[in-house]
Amino acid sequence: MAHWLFKSEPFKWSWDMQVAAGAEGTFWNGVRNHLAKQNMMKMKIGDTGFFYHSNEGKEIVGIVEVIREYYPDHTDETGKFVMVDIKAVRPLPRAVSLAEIKQVPELQTMSLLTSARLSVQPVTDGEWDVILKRAGA
DNA sequence: GCCAACGTTGGC
DNA sequence: GCCAACGTTGGC
């Protein structure tokens with residue numbers, strides 16, 4: 001079971017909107033980066049991920065689950081990119097901010113710090129556990 | 001609003 | 001196929 005991190009600007013697509021989408025979830029479209037695409041192609045149903053608010057908030061606010069594996073992104077006219085479906089699982093009891101992550105030695109290798117602009121990132125089991133613990137989950 | 005990082009494009 | 005120019009992302 002792999003873990004991931006999905007980044008979204010809350011005024012475009014927020015955690016609240018993801019929660020409102022319910023158990024049916026939504027497609028995660030609009031990714032136009034090949035590394036992010038490759039990450040999405042590795043995702044399996046049941047994989048879990050963090051939902052991160054970029055720009056405003058700059059914190060991990062919730063946990064999502066992959067409910068459909070990759071298929072063509074219909075909003076991509078070049079036909080090269082893909083998307084997956086995800087659903088909200090639960091919010092974190094306490095959001096974990098970027099500023100906090102920067103201060104945790106075990107999290108210095110996170111893609112969030114090393115590949116700041118990548119919108120879909122892998123999260124290791126170790127990083128996953130450390131963040132869950134800090135979130136009180 | 002600025003700017004660094006970095007991915008993409010396009011001329012050669 | 002290289003690399004400079006350009007555009008975009010996202011933290012500050």
Side-chain angles (χ1 to χ4, degrees):
Chain A
M1 178 84 62
H3 302 300
W4 310 95
L5 182 143
F6 296 86
K7 229 195 275 184
S8 184
E9 302 182 46
F11 53 87
K12 283 187 190 158
W13 183 254
S14 70
W15 170 251
D16 287 345
M17 294 180 203
Q18 188 68 56
V19 169
E24 289 182 16
T26 52
F27 46 83
W28 196 262
N29 71 325
V31 169
R32 297 292 181 270
N33 172 287
H34 291 286
L35 206 49
K37 172 192 171 180
Q38 284 167 27
N39 287 334
M40 288 201 292
M41 291 177 78
K42 290 180 199 157
M43 293 180 188
K44 301 290 179 202
I45 289 176
D47 279 2
T48 48
F50 289 129
F51 193 104
Y52 175 81
H53 277 165
S54 63
N55 269 316
E56 289 174 21
K58 282 169 281 181
E59 56 190 11
I60 297 169
V61 290
I63 294 172
V64 295
E65 182 181 329
V66 176
I67 55 173
R68 181 175 174 188
E69 291 170 18
Y70 76 92
Y71 58 105
D73 182 340
H74 58 76
T75 62
D76 169 33
E77 62 280 0
T78 69
K80 288 184 193 165
F81 291 96
V82 303
M83 57 192 186
V84 297
D85 285 2
I86 62 171
K87 67 169 183 181
V89 176
R90 61 180 187 276
L92 292 184
R94 191 180 71 81
V96 177
S97 71
L98 179 63
E100 182 175 345
I101 288 168
K102 283 184 174 173
Q103 289 170 10
V104 180
E106 304 97 294
L107 299 180
Q108 295 309 301
T109 52
M110 274 194 83
S111 294
L112 199 57
L113 303 185
T114 60
S115 311
R117 289 180 49 202
L118 185 61
S119 61
V120 178
Q121 314 182 343
V123 174
T124 67
D125 290 345
E127 293 159 358
W128 183 262
D129 290 343
V130 168
I131 288 170
L132 282 186
K133 208 164 288 176
R134 298 189 74 89

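Proteins get letters first, then strands, A, B, ... in listed order; numbering begins at 1 in each.
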Nearest whole Å is fine: how far is [N] [atom2] from [X] [atom1]?
| X | N | atom1 | atom2 | result |
| --- | --- | --- | --- | --- |
| A:R32 | B:dT9 | CZ | P | 12 Å |
| A:L113 | C:dG10 | CG | P | 14 Å |
| A:L112 | C:dC12 | CG | C1' | 15 Å |
| A:I101 | C:dG11 | CD1 | C1' | 13 Å |
| A:K58 | C:dT9 | NZ | P | 17 Å |

Output all residues satisfying salt bridge (charged side-chain N to carboxylate O under 4.0 Å, His left out) with A:E9, sequence neighbours left out; order by chain, then residue number.
-> A:K12
Donor-acceptor contact below 3.5 Å, side chain A:H53 vs main chain A:K7 = no
What side-chain donor-acceptor pairs closer than 3.5 Å can you find for residues 129-137 of chain A, not counting sequence neighbours?
unit_1 : atom_1 : unit_2 : atom_2 : d
A:R134 : NE     : A:E100 : OE2    : 2.8
A:R134 : NH2    : A:E100 : OE2    : 3.4

Using distance only, find each side-chain donor-acceptor pair of residues 18-26 of chain A under 3.5 Å and give its atom names and separation, not counting sequence neighbours.
unit_1 : atom_1 : unit_2 : atom_2 : d
A:Q18  : OE1    : A:W13  : NE1    : 2.8
A:Q18  : OE1    : A:T26  : OG1    : 3.4
A:Q18  : NE2    : A:T26  : OG1    : 3.2
A:Q18  : NE2    : A:I86  : O      : 3.2

Indicate, with a heavy-atom threshold strictly under 4.0 Å, whether A:L98 touches base, sugar-phosphate, or nothing.
-> sugar-phosphate
Going by the ring-ring contact (aromatic ring centres under 6.0 Å, His included) test, which pairs reach into residues 79-124 of chain A, not counting sequence neighbours?
-> A:H34-A:F81
Pairs flagged by ring-ring contact (aromatic ring centres under 6.0 Å, His included) wherever residues 104-123 of chain A is involved - sequence neighbours left out | none
Write out a two-atom table: protein N or O, nucleotide N or O from nucleotides 2-5 of chain B, distance below 3.5 Å.
unit_1 : atom_1 : unit_2 : atom_2 : d
B:dA5  : N3     : A:R117 : NH1    : 2.6

